[in-house]
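One structure below.
In each ligand, atom 1 is the first atom listed, and ligand 1 is the first ligand listed.
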Amino acid sequence: MQLRSVTSRLPVRHTEAIIGNMVSNSSLFTDIPFDQDGKHIGYIQAPQSTNTAGWANLFIPLIVIKNGTGPTALLFGGNHGDEYEGPVTLLKLARSIEPDQIHGRIILLPALNTPAVLNNSRLSPIDGRNMNRAFPGLPTDTLTGQIAHYVSSTLMPLADLVVDVHSGGRSMHFLPSANMHRVADPTQMRAMVRLGLAWGAPYVFIYQDVAGGGLLPSYAESLGKITLGTEMGSASQYGPATLRLAFDGLRRVLSEMGILTSDTVQTGLESSVQHAPASPVSTSTLVSSELRDDYIMSPASGIVEPLVELGDDVVAGQAVAHIHFIEQPAWEGLVVRARTAGFVMSRRAIPLTGQGDCLVVVARPCDV
Ligand SMILES: [Zn+2]
């Protein structure tokens with residue numbers, strides 16, 4: 001799909017970006033071309049007026065790599081600001097891939113919620129909102145919703161593949177996975193699972209939204225896009241293993257899509273050059289958490305003593321956590337039990353819990 005953009009170098013409100021027959025009245029704009037071969041590095045700019053800068057723009061990094069015709073991959077990191085696997089992976093990917101190594105186009109946003117990434121916070125420090133609950137957004141929304149709207153109206157129509165790289169951030173530990181919802185279209189579902197398997201993570205994970213709608217992947221899925229999310233560990237699992245899995249896995253997915261055609265890795269960093277060539281071989285296990293009871297929420301606030309670790313098998317009725325109450329030292333505390341059987345896909349990483357915080361996610365093998 002070709003972009004015919006009408007953009008201005010001035011952040012004029014209600015600048016129109018025209019994509020096909022779709023008109024977006026977003027206030028965001030970029031002068032990066034989407035339809036020219038080559039590697040283009042710059043920013044999406046969003047109007048922002050602050051106490052110290054009355055006339056200002058928020059700069060959101062954007063890289064477009066294009067070579068001829070072929071599918072378009074739209075890649076996101078930093079949807080949640082305290083999940084740095086995505087930003088690091090996409091920055092390395094943008095530097096390492098040259099146009100002659102691809103067929104088609106790769107659009108990379110390494111820090112979708114740039115203020116949150118710079119603030120090491122899950123939510124935006126500007127409007128307090130969760131980018132991954134703001135989709136599809138509105139042009140008249142707060143900043144987070146305006147960015148979501150630009151993505152929904154201007155970028156997603158260009159995409160065949162949408163990848164949103166997440167991890168558990170500070171709050172949850174995860175077994176690494178490429179993930180998705182179970183969508184109604186069997187052709188779309190099979191394509192997403194095939195790409196998920198190509199990632200080569202230990203798991204391909206089908207999950208449900210138990211904490212609200214408005215997710216970027218949900219919206220992309222609703223448009224029929226081949227969509228992948230990830231949970232690449234957590235802030236405390238952040239390290240060479242999860243970063244290598246994110247980088248190599250995303251390259252394998254781009255190869256499986258027919259976009260990345262070369263195994264050459266040129267990041268300029270010796271450790272990265274030594275990465276094994278991308279391979280579509282996958283040993284992933286397909287699992288899901290599709291029951292409401294798979295998501296075990298804390299019944300009370302307190303200090304969590306985890307009784308199970310990632311990967312442990314659990315049976316219904318098994319104690320998975322013990323909540324202790326520092327204000328009542330004589331109390332025995334509260335034992336939290338699994339209500340379904342399977343294994344621990346995720347568990348809370350922060351020792352303090354509030355009532356309703358997710359303590360454990362139980363998953364089990366499944367089919368599509
Ligand atoms: Zn996330």
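- Side-chain contact check for Leu254 versus Ile97: some heavy-atom pair is nearer than 4.5 Å.
- For the Zn ion (ligand 1), the N/O/S atoms of Glu83 include one lying under 2.8 Å.
- If you look at His166 and ask which of its N, O or S atoms sits nearest the Zn ion (ligand 1), the answer is ND1.
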Stepwise side chain to side chain contact (heavy atoms under 4.5 Å, CB included) check, Ile44 with Ile32 = CA-CA 8 Å; Ile44 298 165; Ile32 294 292; over 6 Å; no
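- Lys92 places no side-chain N or O within 3.5 Å of a backbone atom of Ala94 that could act as its donor or acceptor partner.
- The closest approach of His80 to the Zn ion (ligand 1), by N/O/S atoms, is made by ND1.
- A donor-acceptor pair is defined here as one N or O able to donate and one able to accept, closer than 3.5 Å; no such pair exists between the side chain of Arg347 and the backbone of Val320.
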